[in-house]
Colleague: 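I have a structure I would like to understand better, so I am pasting it below and will then ask my questions one at a time.
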Amino acid sequence: TIATAKNWVLCVQGKVAPGAPKPVTPPVTTPATKVSYTNRISLTRSLVTAAGYDGATVATCTENNFSDLKAGSSEAKYACQGVKIGIVKGYADGTFKPSSNVNRAEALKMFVNAFGLAVTGPMKICPDVDQNAWYFDTFEITGSHSFPIYDAEGNCNPNKPLTVVDAKAWLNHAKTL
């Protein structure tokens, strides 16, 4: 009918015919932001490079003590160099777990080792870091160097996986020390 067609045109134009129900606007949804996490081999590679070891030096590291890394692979060479200079260790079961996410406590320990950091002064305490945990001193050290380790609530989240965004921020900060 003409009235129906007229109502349809008005609706498309964002107008409502007298007596017609108002069109329902669908809710606007924002797609969830995908968070990427840093794995052990990516962080090891970044820290070995930041510590001044170029590809040629890394290529000479041929020891492979990890059952889950292919001998001679790039991953095995970076893991070898990381172990050699004290940035990282493998697991007791003889694996490196290259694709496993690194939590924030493990990552900060790797940063402390890579850059030879020690406590330089006072820091804001992380309320969620247990003073008896193996990583307490790591948070103390990096906090004293003003690493951006705190979330909006002032927590440090030691057991959460390290995001790629935080890894980049920490690496950029470490390069300024």
Colleague: Is the side chain of Asn155 donor-acceptor paired with the backbone N or O of Asn157 at a distance under 3.5 Å, no angle test?
Modeller: no
Colleague: Could you pull out the closest heavy-atom pair between Ala79 and Ile41, with the gap in Å?
Modeller: N-CD1, 4.2 Å
Colleague: Flag yes if Trp134 and Ile125 sit in one hydrophobic cluster, no otherwise; membership is Ile, Leu, Val, Met, Phe, Trp, Tyr, and two members link when side-chain heavy atoms are under 4.5 Å apart.
Modeller: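 Looking at the clustering, Ile125 is in a separate group from Trp134.
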Colleague: Side chain of Asn101, backbone of Asn39: donor and acceptor closer than 3.5 Å?
Modeller: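 Between the backbone of Asn39 and the side chain of Asn101 there is no qualifying donor-acceptor contact (under 3.5 Å).
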Colleague: What residues form a salt bridge (charged side-chain N to carboxylate O under 4.0 Å, His left out) with Asp166, not counting sequence neighbours?
Modeller: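 Per chain and number, Asp166 pairs via salt bridge (charged side-chain N to carboxylate O under 4.0 Å, His left out) with Arg104.
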Colleague: Would you say that Leu108 contacts Tyr135 through its side chain, given a criterion of any heavy-atom pair below 4.5 Å between the two side chains?
Modeller: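 Not in contact.
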Colleague: Would you say Thr142's side chain and Phe147's backbone share a donor-acceptor pair under 3.5 angstrom?
Modeller: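 Side chain of Thr142 to backbone of Phe147: no pair is present.
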Colleague: Only distances under 3.5 Å count here; give the side-chain donor-acceptor pairs of residues 109-119 to other protein atoms, sequence neighbours excluded, each with its distance to 0.1 Å.
Modeller:
residue	atom	partner	partner atom	Å
Asn113	ND2	Gly86	O	3.2
Asn113	ND2	Lys109	O	3.4

Colleague: Is it the case that the side chain of Ser46 and the backbone of Ser42 share a donor-acceptor pair, with hydrogens and angles ignored and the cut-off at 3.5 Å?
Modeller: yes
Colleague: Between Thr163 and Ser36 (side chain of the first, backbone of the second, donor and acceptor by atom type, cut-off under 3.5 Å), is there such a pair?
Modeller: no
Colleague: With a 3.5 Å distance limit and no angle check, can you tell me whether Thr57 reaches the backbone of Tyr53 through a side-chain donor-acceptor pair?
Modeller: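 Judged by distance alone, no pair lies under 3.5 Å.
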Colleague: Do Ile87 and Val48 have side chains that get closer than 4.5 Å, going by heavy atoms?
Modeller: yes
Colleague: Is there a donor-acceptor contact under 3.5 Å from the side chain of Asp68 to the main chain of Thr95?
Modeller: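 Not confirmed, Asp68 side chain does not pair with Thr95 backbone.
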Colleague: Can any side-chain N or O of Ser73 pair as donor or acceptor with the backbone N or O of Lys70 at less than 3.5 Å?
Modeller: yes
Colleague: From Lys97 NZ over to Leu69 CG, what is the distance, rounded to the nearest 0.5 angstrom?
Modeller: 12.5 Å
Colleague: Which atom pair, heavy atoms only, marks the closest approach of Thr62 to Cys80?
Modeller: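 Closest approach of Thr62 to Cys80, heavy atoms only: N-SG, 4.0 Å.
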Colleague: Could you pull out the closest heavy-atom pair between Ala50 and Leu171, with the gap in Å?
Modeller: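 What the structure gives for the nearest pair is CB-CD1, 3.8 Å.
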Colleague: Does anything in residues 56-83 form a ring-ring contact (aromatic ring centres under 6.0 Å, His included)? List the pairs, not counting sequence neighbours.
Modeller: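 Counting only pairs at least two positions apart or across chains, the ring-ring contact (aromatic ring centres under 6.0 Å, His included) contacts touching residues 56-83 are Phe66-Phe96.
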Colleague: Does a side-chain heavy-atom distance below 4.5 Å link Pro127 with Glu153?
Modeller: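 With C-beta onward as the side chain, the pair stays apart.
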Colleague: Which distance, rounded to the nearest 0.5 Å, do you find between the NZ of Lys168 and the OG1 of Thr38?
Modeller: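 Result: 8.5 Å between the selected atoms.
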Colleague: Which pair of non-hydrogen atoms, one from Phe139 and one from Cys126, has the smallest distance, and what is that distance?
Modeller: CD2-SG, 4.1 Å
Colleague: May I have the step-by-step check of side-chain contact (heavy atoms from CB on, under 4.5 Å) for Glu63 and Lys84, ending in yes or no?
Modeller: CA-CA 9 Å; Glu63 295 174 31; Lys84 190 175 186 179; 5.9 Å; no
Colleague: Test side-chain contact (heavy atoms from CB on, under 4.5 Å) on Lys89 and Val83 and set out the steps.
Modeller: CA-CA 6 Å; Lys89 296 179 183 177; Val83 169; 5.7 Å; no
Colleague: Could you report the tightest heavy-atom contact between Leu162 and Ala107, atom names first, then the distance?
Modeller: CD2-CB, 3.5 Å
Colleague: Looking at Lys77 and Gly72, what are the two nearest heavy atoms and their distance?
Modeller: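 Of all heavy-atom pairs spanning Lys77 and Gly72, the closest is CE-O, 3.4 Å.
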Colleague: Kindly work out whether a path of hydrophobic side-chain contacts (I/L/V/M/F/W/Y, heavy atoms less than 4.5 Å apart) joins Leu177 to Ile149.
Modeller: yes
